[in-house]
Number of protein chains: 2
Amino acid sequence: MLYTVGEMAKRLGIAPSTLRYYDKEGLLPFVERSGGGIRVFKDADYEWLKIIECLKKTGMSLKDIKEFVVMAMQGDETIEPRLSLIVKQKEAVKAQIAELEETLRTLEFKEWYYETAKENGSTDVPRNMTLDELPEQFRDVKVRLRGE
Amino acid sequence: MLYTVGEMAKRLGIAPSTLRYYDKEGLLPFVERSGGGIRVFKDADYEWLKIIECLKKTGMSLKDIKEFVVMAMQGDETIEPRLSLIVKQKEAVKAQIAELEETLRTLEFKEWYYETAKENGSTDVPRNMTLDELPEQFRDVKVRLRGE
DNA sequence: TCTTGACTTCAAGTTAACTTTAAGGTGTAT
DNA sequence: ATACACCTTAAAGTTAACTTGAAGTCAAGA
């Protein structure tokens with residue numbers, strides 16, 4: 001199957017201008033052109049774009065993603081650095097998940113805080129509780145919020 | 001304890017200019033001033049700043065965080081909308097974690113892909129494997145990369 | 001052949017969240 | 001009293017990742 005920029009953008013759920021921008025920035029060296037100069041995307045290019053999307057979700061910049069794509073175009077000599085990069089991003093994502101899990105715990109504490117405020121008609125009630133009065137799963141969150 | 005903008009910034013690990021910017025944007029209505037016009041941060045303000053940091057980590061914009069802070073300044077009439085907002089952000093963070101876990105699975109597939117390429121001296125080997133040749137935990141990842 | 005819609009490039013505009021700069025004021029230590 | 005580090009504001013600058021606009025080209029259907 002072959003696709004125009006608009007068709008591929010639709011398949012990916014992004015704007016065609018985004019694909020043109022990525023191409024301009026050198027992220028899509030694998031995309032070919034028709035005789036008339038129109039971009040022709042192949043199914044293999046879709047896979048590439050999904051990898052770019054994946055790397056973007058890890059927080060990588062377009063500049064760094066470009067380096068990865070360019071490496072891949074060099075062929076098999078760059079297998080090792082590509083592997084290292086993937087492993088590095090994997091660790092980065094694990095760290096992001098851990099941070100979001102901390103954030104979630106803070107939000108759960110705040111949820112309890114406002115539930116308790118709602119039941120009692122005032123935020124004074126949860127705010128003035130001593131550490132041993134609040135549910136034990138929130139004690140460390142509260143301590144962290146107060147300044148380690 | 002009382003702190004200047006520089007001291008509080010250091011305690012939070014951010015730039016003083018960031019705190020001044022937040023103040024200018026209306027995110028810090030709780031911060032008071034000395035007779036000479038200098039910002040005076042209290043320990044309770046540190047807690048507020050940690051909450052702002054938490055909301056920022058959920059992906060909320062400064063504009064929306066400001067609305068939350070402003071609501072809190074209104075007092076106990078706004079307990080319910082504040083609770084709703086916290087619950088909404090909690091769900092948003094859960095979705096973000098789920099998405100990062102998908103991303104992680106894709107990276108693990110790519111790690112296997114390049115490990116296999118490295119062992120065989122060529123990306124041809126993992127690339128040309130049929131679905132049933134690759135480790136079964138990666139089959140659905142591969143299918144997704146190819147286009148659902 | 002003509003129309004039409006989608007394609008092309010290049011340049012300029014947008015947005016969020018800061019950061020920097022300039023010119024000047026504050027407050028504490030000697 | 002003077003120095004010095006740190007504070008103040010306002011305005012302008014930065015960055016990444018797009019998005020939009022203008023002017024023109026390509027390709028498929030009637």
Side-chain angles (χ1 to χ4, degrees), chain A residues 1-42 45 48-70 89 92 96 103, chain B residues 1-42 45 48-70 89 92 96 103:
Chain A
M1 266 299 268
L2 300 177
Y3 310 84
T4 65
V5 71
E7 288 160 352
M8 186 52 97
K10 192 164 193 180
R11 193 169 165 199
L12 289 162
I14 63 177
S17 61
T18 304
L19 281 179
R20 292 196 189 100
Y21 171 69
Y22 286 180
D23 195 14
K24 198 178 68 164
E25 294 300 303
L27 273 81
L28 317 181
F30 44 81
V31 173
E32 299 182 8
R33 301 288 184 124
S34 75
I38 292 191
R39 288 177 189 85
V40 180
F41 289 79
K42 304 175 295 292
D45 298 344
W48 254 119
L49 288 162
K50 292 301 268 186
I51 293 300
I52 289 172
E53 182 187 301
C54 170
L55 292 176
K56 239 166 63 71
K57 282 183 187 162
T58 72
M60 252 178 109
S61 68
L62 296 186
K63 186 174 158 290
D64 289 347
I65 295 173
K66 173 187 171 170
E67 282 186 43
F68 179 79
V69 175
V70 167
Q89 287 315 112
Q96 287 171 46
T103 300
Chain B
M1 269 297 268
L2 299 177
Y3 309 83
T4 64
V5 69
E7 289 160 351
M8 186 52 98
K10 193 163 191 182
R11 192 170 165 198
L12 289 162
I14 63 177
S17 62
T18 304
L19 281 179
R20 294 197 188 100
Y21 171 68
Y22 286 180
D23 194 14
K24 198 179 70 166
E25 293 300 303
L27 272 80
L28 317 180
F30 44 81
V31 173
E32 299 182 7
R33 299 289 183 124
S34 76
I38 291 190
R39 289 177 189 86
V40 179
F41 290 80
K42 304 175 296 293
D45 298 345
W48 254 119
L49 288 162
K50 292 301 270 185
I51 294 299
I52 288 172
E53 182 186 302
C54 170
L55 292 176
K56 239 165 63 68
K57 282 182 187 163
T58 72
M60 251 177 108
S61 68
L62 296 186
K63 186 174 158 289
D64 289 347
I65 294 172
K66 174 187 171 169
E67 282 186 43
F68 179 78
V69 175
V70 167
Q89 288 315 112
Q96 286 170 48
T103 301

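Worth knowing before you read on, the calculation uses all heavy atoms, side chains too, and leaves out hydrogens, waters and symmetry mates. The sequence lines fix the lettering, A, B, ..., with proteins before strands; numbering per chain opens at 1.
Spacing between atom CE of Met8(A) and atom C1' of dT8(C) amounts to 18 Å, rounded to whole angstrom units. The NZ atom of Lys24(B) sits 8 Å away from the C1' atom of dA11(D) (whole-angstrom rounding). Between the C1' atom of dC7(D) and the CD1 atom of Ile38(B) lies a distance of 4 Å, rounded to the nearest Å. For Leu2(B) and dT28(C), the CG to P distance is 12 Å, given to the nearest whole Å. One atom, CD of Glu25(B), and another, P of dT19(C), lie 13 Å apart when rounded to the nearest Å. Between Lys10(B) atom NZ and dC7(D) atom C1' there is a gap of 16 Å when expressed in whole angstrom units. When rounded to the nearest whole Å, the span between CG of Asp64(B) and C1' of dA16(C) equals 12 Å. Atom CG of Leu55(A) is separated from atom P of dA17(D) by 13 Å (rounded to the nearest Å).
You'll find that the side chain of Arg33(A) is closest to dT9(C), out of dC18(C), dT9(C), dG27(C). Of the candidates dC7(D), dC18(C), dA27(D), the closest approach to any side-chain atom of Ser34(A) belongs to dA27(D). Among the nucleotides dT8(D), dT19(C), dC7(C), the one closest to the side chain of Thr4(A) is dC7(C). Of the candidates dT8(D), dT9(C), dC18(D), dT8(D) carries the atom nearest the Val5(B) side chain, counting heavy atoms from C-beta on.
Here Arg20(A) reaches the OP1 or OP2 of dT8(C): one of its side-chain N or O atoms lies under 4.0 Å away. For Tyr22(A), a side-chain nitrogen or oxygen approaches OP1 or OP2 of dC18(D) to under 4.0 Å. For Arg39(B), no side-chain nitrogen or oxygen approaches OP1 or OP2 of dT26(C) to under 4.0 Å. Considering only side-chain N and O atoms, Lys66(B) lies nowhere under 4.0 angstrom from the phosphate OP1 or OP2 of dA17(C). Here Thr18(A) reaches the OP1 or OP2 of dT19(D): one of its side-chain N or O atoms lies under 4.0 Å away.
Residue whose closest nucleotide on DNA chain C sits further toward the 5' end, between Ser61(B) and Ser17(B): Ser61(B). The residue among Gly35(A) and Ala15(A) whose nearest nucleotide of DNA chain D lies closer to the 5′ end is Ala15(A).
In this structure, the side chain of Gln96(A) engages the main chain of Thr58(A) through a donor-acceptor pair within 3.5 Å. Although no hydrogens or angles enter the test, the distance criterion places no donor-acceptor pair under 3.5 Å between the side chain of Asp23(B) and the main chain of Arg20(B).
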Step-by-step salt bridge (Lys or Arg N to Asp or Glu O under 4.0 Å) determination, Glu53(A) to Lys50(A): CA-CA 5 Å; Glu53(A) 182 187 301; Lys50(A) 292 301 268 186; 3.6 Å; yes
Would Glu7(B) and Lys10(B) count as a salt bridge (Lys or Arg N to Asp or Glu O under 4.0 Å) here? Give the steps. CA-CA 5 Å; Glu7(B) 289 160 351; Lys10(B) 193 163 191 182; over 6 Å; no
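Using bins of under 30°, 30° to 60° and over 60° for the plane-to-plane angle, the ring pair Trp48(A)/Phe30(A) lands in the parallel bin.
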